[in-house]
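For reference, the structure I am asking about is given below.
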Protein chains: 2
Amino acid sequence: MAKLIKRSAEEEAFLAEYEVEAFERSSVTVDVVVITAIDGHLRAVLYRRPNAPEKGAWSLPGGFLREDETLHRTAERVLERRAGLSEGFFFEQLYTFGAPDRDPRTRVVTVAYYALVEPGRLQERLAEGEQADVQLATLTVPWLGEQAGPIEAADAKGKKLRLAFDHAGILGMAVRRLRGKLMYTSIAYRLLPETFTLRELQQVHEAILGEALNKRSFRRRLLASGEIEPTGKLEEGTDFRPAQLYRAVLGW
Amino acid sequence: MAKLIKRSAEEEAFLAEYEVEAFERSSVTVDVVVITAIDGHLRAVLYRRPNAPEKGAWSLPGGFLREDETLHRTAERVLERRAGLSEGFFFEQLYTFGAPDRDPRTRVVTVAYYALVEPGRLQERLAEGEQADVQLATLTVPWLGEQAGPIEAADAKGKKLRLAFDHAGILGMAVRRLRGKLMYTSIAYRLLPETFTLRELQQVHEAILGEALNKRSFRRRLLASGEIEPTGKLEEGTDFRPAQLYRAVLGW
DNA sequence: ATAATAGTGTCTCTCAGACACTATACC
DNA sequence: GGTATAGTGTCTGAGAGACACTATTAT
């Protein structure tokens, strides 16, 4: 503590309160919403909880904040350990959840992050070994625009998943943030491989916004934006006319 | 704690890890950026720190998260105790700061909130008693749009203030958020009294965005938005032609 | 009358949406 | 050829900015 100085009664009161309150400490965790887009739908990595509380429910990958570690670094650790991701993706802080009863064991304040990953990286990763306890769940957003609210997750067969704690709300916040940022930042490219067609880019935009977009406007706007450049190559393996491949021109 | 239940070996292992990590706990505080707009400039409530660390520097009002209290409620408590505000204003969570060295005393994770208040409420409050240790500092934002970054604060005489900890960055996040929300939400009215002129409304928009707006477009857009309605009254006490007074029509 | 701001008429430019069309691949 | 998608030409309407104008208040 600082050395003693002359204090007013008010300052003494303030310091006394500080000492008392300093005893009340919380566990701080970081949960990460790892998002990708496949066939026009957003998806997120979910883990099945093996233990109580919320045993059997699906939850976001998370971990405890350690001493001398930034929140950012905790998120990186979670991404590496629980999703096998170590670099080449975008992530940022989302929102902090601190309801006193959100975890029945003890007071837990959770700082949520979200990460955007191209689907190939995750599918590779999640294909290793048995997947009974991890999956790329498909998200369904029951609201438009940035209204926010909890959202639903389903497995590959379309079966609705029970989400643990307040994680439906955290997923909702992630989608809300994506929708808000889509217009004025370049997040969409983070959900695509290095080269992509305009159709794929439009599908990602539509998956985020949850609504169909006008093809003519979309192409005009994106081509005029300077954010993408043609590679001169065509996509391969289609059943129909192959499209031009583009590349994002950004400071990744 | 929950009552004991039968556990598998795997569950035991999980709980053991949980117990270990549960020892690493942090102090959680809530700092609030209380913002208003006066004469085309954003302002924020700042307190002078009476003690080390950062003695003499200016800081955001804040307080510790208590047991059984939501983050939201902590913010309310800070607003009431440190700014005299108990209702009738907007506030929401901003961002969470958790660098290990941001407070030299102990590990402190701070969840920042911001509140929007009409200037009358604050000036009333801050006028009570001596103001040597609290003030409505004027903010200067050295960047455009939502680039983000720290911002500067100055006192009534224009003298630059030294800001404590990472509070310049927190203020920057608040302005960034305001700029982002201005276009698609009704936050501007939260910085104005119940009735206001279109000039005052435009000045608030300009203060938030940090740039001049086109008068014709601004009026057209706001009048067509359905967000405001005329009161039929005129402003009083001007040196020139008095303007119509409007009222926001929102779910406050 | 003068100064200062409130408030409007109207032209132009940009851009989004609608619609219809042509182009190119696989089968 | 048929089918499916890629990709374009062009009209229309909405809205932003520019500019110039009229209106109303205090002094």
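What you see is a predicted model; the values in this text were computed from it and never measured. Here is how names work: the chains are called A, B, and so on, in the same order as the sequence lines, proteins then strands, and each is numbered from 1. Heavy atoms only: backbone and side chains are in, while hydrogens, waters and symmetry mates are out.
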Round to the nearest Å and state the distance from L223(B) atom CG to dA14(D) atom C1'.
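Going from L223(B) (CG) to dA14(D) (C1'), I get 17 Å.
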Side chains of T195(B) and T231(B): do they bring a donor and an acceptor to under 3.5 Å?
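Absent: no donor and acceptor within the cut-off.
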Atom pair distance, as rounded to whole Å: CG in L222(A) and P in dA6(D):
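Result: 14 Å.
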Look at the side chain of R220(B) and the base of dA16(D), then say whether one donor and one acceptor between them are separated by less than 3.5 Å.
yes
Looking only at the side chain of R199(A) (C-beta and beyond, no hydrogens), which of the listed nucleotides dG17(D), dT5(D), dA4(C) gets closest?
dT5(D)
Side chain of K215(A): nearest nucleotide among dA6(D), dT10(C), dT10(D)?
dA6(D)
Separation of R219(B) atom CZ from dG15(D) atom P, in whole Å?
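That distance rounds to 18 Å.
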Separation of L245(B) atom CG from dG7(C) atom C1', in whole Å?
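Those two atoms, CG and C1', are 15 Å apart.
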Just the rounded figure in Å: distance from P of dT24(C) to CD of E236(A).
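My rounded result for the distance is 18 Å.
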Polar pair under 3.5 Å, donor/acceptor by atom type, side chain R241(A), base dA23(C)
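Side chain to base: pair present.
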Is there, by distance only and without an angle test, a donor paired with an acceptor across the side chain of R221(B) and the base of dG17(D) below 3.5 Å?
no
If you look at every strand shown and take non-hydrogen atoms under 4.0 Å, does T238(A) touch a base, only sugar-phosphate, or nothing?
sugar-phosphate
Is there a side-chain contact between Y189(A) and L201(A), using heavy atoms and a 4.5 Å cut-off?
yes
Rounded interatomic separation in angstrom, taking CG from L198(B) and P from dA23(D)
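Value for this atom pair: 19 Å.
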Please report, rounded to the nearest Å, how far the P atom of dG15(D) is from the CE atom of M183(B).
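Going from CE in M183(B) over to P in dG15(D) covers 16 Å.
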Could you check how far CZ of F240(B) sits from C1' of dT22(D), rounded to whole Å?
18 Å
Taking for each residue the nucleotide of DNA chain D bearing the nearest heavy atom, is the 5' side occupied by D239(B) or by N214(B)?
N214(B)
Does either side chain, that of E92(B) or that of Y113(B), offer a donor lying less than 3.5 Å from an acceptor on the other one?
no
Looking at Y47(A), I'd like to know if the NZ or CZ of R82(A) sits under 6.0 Å from its six-membered ring centre while staying within 45 degrees of the ring's axis.
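Yes, a cation-pi geometry holds between R82(A) and Y47(A).
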Earlier contact from the 5' end, DNA chain D, for F218(B) and L234(B):
F218(B)
Side chain W143(A), main chain G149(A), donor-acceptor under 3.5 Å
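Yes; at least one donor-acceptor contact below 3.5 Å.
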Regarding dG9(C), can its base be found pairing with the side chain of R216(B) as donor and acceptor, where the two atoms are less than 3.5 Å apart?
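Yes, the side chain and the base share a sub-3.5 Å donor-acceptor pair.
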